[in-house]
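A short write-up of the structure that comes next.
Keep in mind it's a predicted model, so treat the numbers as computed, not measured.
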Amino acid sequence: MIKITIIGSGNVAQHLIDAFAKSNTIEIIQVFSRSQKQIPPLLDSDKITNDWNALKEADLYIIAVSDDAIASVSSQLPFENRLVVHTSGSAPLSSLSDKNHKGVFYPLQTFTKGKPIDFKTIPFCLETQFENDYALLEKVASSISDNVYKIDSHQRKALHVAAVFVNNFTNYLYQLGNDICQENHVPFDILKPLILETAEKLLTLSPKDAQTGPAKRNDISTIEAHESFLSNENQSTIYKILTQSIQNHGKKL
């Protein structure tokens with residue numbers, strides 16, 4: 001059994017605790033949390049601590065906290081020369097304290113409190129400071145996921161930026177679409193089959209080949225009609241920016 005300690009009790013930490021608790025090869029020996037109430041009930045209370053000095057020896061320590069807290073948390077660990085990793089997509093390896101072996105254990109997925117998720121489908125992007133630490137980190141990731149990748153800090157930053165485009169920005173566009181529907185007394189549910197079909201197309205087509213719409217067709221009359229319809233300045237501005245970007249994509253500006 002590989003013994004791990006999870007430091008943190010937020011969204012990512014709670015999902016990891018749940019996933020590792022179901023593994024036959026991983027033992028969670030401890031969780032560091034300032035509040036025991038935040039830890040899922042599937043973990044025994046005697047495994048939860050809020051005392052740095054009470055941390056037990058483990059094979060791996062996973063820091064699952066906000067990006068701006070990684071450096072502070074890693075510097076407070078009361079030991080040296082053990083494998084300590086963070087779960088951030090944007091924080092570099094160097095954000096961890098130099099007193100321990102460094103690594104990254106990044107699950108590329110959006111996590112929502114209380115919403116179960118199938119970890120087997122989640123890509124895990126791994127990086128270690130020392131090559132001989134990678135095998136252990138790979139075993140831990142493979143115990144809960146079928147998609148494990150060796151990704152360096154530069155590649156992980158690129159992935160994180162790309163993820164913001166395909167997840168966060170896309171969801172904001174859903175919000176704008178919902179606003180337009182509400183403003184015009186149309187149920188947003190009508191658009192959900194379109195949303196699903198658009199996402200499912202990417203399982204067999206590239207995003208470039210899947211692109212449709214008036215901007216792709218250069219349908220000027222429809223574009224002008226849409227722009228005239230949008231009285232909300234924010235909606236209108238975003239519509240114009242995205243339309244122009246689609247029309248210019250692949251062209252030398």
Item to check | W52 side chain reached by I7 side chain, heavy atoms, under 4.5 Å | outcome: yes
Checklist entry - Do V31 and K47 have side chains that get closer than 4.5 Å, going by heavy atoms? => result no
Next on the checklist: Does E183 have more than 12 heavy atoms from other residues, nucleotides or ligands lying within 6.0 Å of its CD?
Outcome noted: yes
Checklist entry - Do I151 and L126 have side-chain heavy atoms sitting under 4.5 Å apart? => result no
Next on the checklist: Between T243 and Q247, is the side chain to side chain donor-acceptor pair (under 3.5 Å) condition met? List the steps.
Outcome noted: CA-CA 6 Å; T243 294; Q247 291 173 326; over 6 Å; no
Checklist entry - Should I62 and I117 be regarded as members of a common hydrophobic cluster, given that ILVMFWY residues are connected when their side-chain heavy atoms come within less than 4.5 Å of each other, either directly or indirectly? => result yes
Item to check | Ion pair K240/E227, N-O distance below 4.0 Å | outcome: no
Next on the checklist: Go through it in stages, so that I can follow the logic: the residues are S9 and Q14, the test is side chain to side chain donor-acceptor pair (under 3.5 Å), and I'd like the CA-CA distance, side-chain angles, deciding distance and then a yes or no.
Outcome noted: CA-CA 6 Å; S9 57; Q14 291 190 37; 5.8 Å; no
Checklist entry - Do you reckon V186 sits in the same ILVMFWY cluster as L230, going by side-chain contacts under 4.5 Å, direct or chained? => result no
Next on the checklist: Do the side chains of D18 and K22 get close enough for a salt bridge, i.e. N-O under 4.0 angstrom?
Outcome noted: yes
Item to check | Pair S66-D68, side chain to side chain donor-acceptor pair (under 3.5 Å): steps then yes or no | outcome: CA-CA 6 Å; S66 62; D68 56 4; 2.7 Å; yes
Next on the checklist: Between E131 and K150 (salt bridge meaning N to carboxylate O under 4.0 Å), is one present in this structure?
Outcome noted: yes
Checklist entry - OG1/T87 to CD1/I70 distance, rounded to the nearest 0.5 angstrom? => result 6.5 Å
Item to check | Gap separating the CD1 atom of I4 from the CD atom of Q30, nearest 0.5 angstrom | outcome: 12.0 Å
Item to check | Side chain proximity check, C125 to V104, heavy atoms < 4.5 angstrom | outcome: no
Next on the checklist: I'd like to know if the side chain of Y106 pairs up with that of R156 as donor and acceptor (distance under 3.5 Å, no hydrogens or angles considered).
Outcome noted: no
Next on the checklist: Is the shortest side-chain heavy-atom distance between L137 and V85 below 4.5 Å?
Outcome noted: yes
